[in-house]
Engineer: 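Pasting in a structure now, in structure tokens, and then I'll have a few things to ask.
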Amino acid sequence: MSFKQRMLDFFNRKRSVQLGGGEQAIKKQISMGKLTARERIKMLLDEGSFHEYDLFVEHKCQDFGMDKKNLPADGVITGTGKISGHPVCIFAQDFTVAGGSLGLMHAKKITKIMDHAVKLGVPLIGINDSGGARIQEGVNSLAGYGEIFYRNTLASGVIPQISVILGPCAGGAVYSPALTDFVFVVDKISKMFITGPEVIKTVLGEDISMEELGGARVHTTISGNAHFFAASEHECFEQIKKLVSFIPWNNRKKADPFPPKPPRKGQPIESIIPTEPTVPYDVRSIIRAVCDDSDFFEIHEHWAANIVVGFARMNGETVGVVGNQPLVLAGVLDVDSSDKAARFIRFCDAFNVPLVTFVDLPGYLPGVDQEHSGVIRHGAKVLYAYSEATVPKITVILRKAYGGGYIAMCSRHLGADFVFAWPTAEIAVMGPEGAANIIFRNEIAAAPDPDAVRKQKIQEYTEKFANPYIAAANGHIDAVIEPAETRDFIIHAIEVAAHKIESRPRKKHGIPPF
Ligand code: HXC
């Protein structure tokens, strides 16, 4: 056979690696309810848009019989493609090839596509399905992870980074997704943990399944490590496509605008909040009543549900929405909801997404558990994130805005550009009951009928302070508005703040209360 023919054969052999680790391994992959790496890329990206690179990269390991092992694409597919015409860089680990384990060359393929993503200014999508560090390659595998973490950190705030966990993501490997902006998981398929069930059994003597330890539900409801839960890979890819439609390609751009649409007809906005101040309602109904097409794309929906964060559009422009959720724990700020909000606020600020905040909370959650879990440190993250943000910041106080909660939820004092309040707003140091019990304690105790006096004092305090007019008289809010005017005021505020310039003291970086 001629040299040319041999080269052509080699080329054709390499290009026909659609079978990855072979039929047996693919059968096993399918039996676990999973798609193959190439099927995943195909399903996620626009048809025919994927261009693969580094197919010819090979591992260089000579130990433990590796010299005889041919690992197609070294267990990871990398390339560029498009989602709804939006360019992206992507890698997908191929579990059918040595369990998608990460050796040095596998890592080099990933870091190369990461470098491309930063240089080209496009989102990076990483599909993780791997047994972790390739054991045969020893420290070189660890080096590979280190190089990835380093790039995740440098790329943070420059390009959006999306991690999709579609299989095991074990050991130190979990730290790459943890450093990225959005983590997607799928029921019964995703498994994320630092130490697996066997280690836990050996060290702690506890029996736990992989699912209970680090399955999709665990990370979307308990740990908060994942942002989106899907019932199937297909649903997961639809979620990713939707996310990409809301965010910009990089930190130098704004998200692509969409044709403006009015909210869909639903419950009139003025009738959503119950007249009784202690009766809860769903803040998402307010968000849907004001945003384009009533389309609110919620993030971290199942974790720390006492705060709601997500993307929506106002007059065609992407906004980041943060809202206290009176349905859960009266919408208080606590350890987890503070983390959730602060991280989202920082994403929006890094990627030029205006922030719209809806306020209705009685304050921070009291209790020994919260104090000992560091609610001071975590709560401070919200103050830090809002104060640091220089994107347009618009705040609407719907009902309660008490104490630290009033300040934390993007008050004028943390740099909000516009603060509006509904006529039902109650802005005060604390709720009337607590306030009356403290400031009139002696009077109440000395009264022949303490309960009657307490009620009267609560009423007095409510009438004097539980309204928006003292804050308005002091200029802490800009306008008291009718609920029906909310959409118009927000859209106008975003428009007029579009080119705002806000300087900050020069520094290398701040030191947020991580
Ligand atoms: C090399 C690996 C591998 C690994 C799996 N394989 N993990 N090869 N290095 N880390 C290979 C298997 O030998 C097998 O090869 C094939 O992939 C499929 O694996 P199975 O075990 O048959 O699959 P399954 O039963 O589905 O189990 C999946 C698994 C298990 C739970 C992930 O493979 C496993 O526990 N792997 C090891 C996990 C681990 O401890 N990783 C290191 C973590 S430490 P054959 O040839 O038989 O098909 C780490 C440090 C990183 O990652 C630190 C960074 C800071």
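Whatever order the structure lists them in is the order used to number ligands and atoms, beginning at 1.
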Engineer: Do Glu198 and Lys201 sit within salt-bridge range, that is, some charged N less than 4.0 Å from a carboxylate O?
Structural biologist: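 Not counted as a salt bridge, because no side-chain N and carboxylate O are separated by less than 4.0 Å.
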Engineer: So, Asn251 versus Asn352: side-chain donor-acceptor pair below 3.5 Å or not?
Structural biologist: no
Engineer: Please list, chain by chain and in numerical order, all residues satisfying side-chain hydrogen bond (donor to acceptor under 3.5 Å, both in side chains) with Thr78, sequence neighbours excluded.
Structural biologist: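 For Thr78 there are no side-chain hydrogen bond (donor to acceptor under 3.5 Å, both in side chains) partners, ignoring immediate neighbours.
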Engineer: Using the salt bridge (charged side-chain N to carboxylate O under 4.0 Å, His left out) criterion, which residues pair with Asp129? Sequence neighbours excluded.
Structural biologist: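 Salt bridge (charged side-chain N to carboxylate O under 4.0 Å, His left out) check on Asp129 returns Lys34, Arg40.
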Engineer: Dump all N/O pairs between ligand 1 and the protein below 3.5 Å as a table: atom names plus distance, one pair per row.
Structural biologist:
from, atom 1, to, atom 2, distance (Å)
ligand 1, 9 (N), Ile135, N, 3.1
ligand 1, 10 (N), Gly131, O, 3.1
ligand 1, 10 (N), Ala133, O, 2.9
ligand 1, 17 (O), Gly99, N, 3.0
ligand 1, 22 (O), Lys28, NZ, 2.8
ligand 1, 23 (O), Lys28, NZ, 3.1
ligand 1, 41 (N), Gly131, O, 2.6
ligand 1, 52 (O), Ala133, N, 3.0

Engineer: Using a strict 4.0 Å threshold on nitrogen-to-oxygen distance, state whether Arg504 and Glu502 make a salt bridge.
Structural biologist: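 Yes, Arg504 and Glu502 are salt-bridged.
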Engineer: Can I get a per-line list of side-chain donor-acceptor pairs under 3.5 Å for residues 293-300, giving both atom names and the distance, sequence neighbours left out?
Structural biologist:
from, atom 1, to, atom 2, distance (Å)
Asp293, OD1, Arg264, NE, 3.3
Ser294, OG, Arg264, N, 2.8
Ser294, OG, Arg288, O, 2.9
Asp295, OD1, Lys242, NZ, 2.8
Asp295, OD2, Lys242, NZ, 3.2
Glu298, OE1, Arg284, NH1, 3.1
His300, NE2, Gly224, O, 3.0

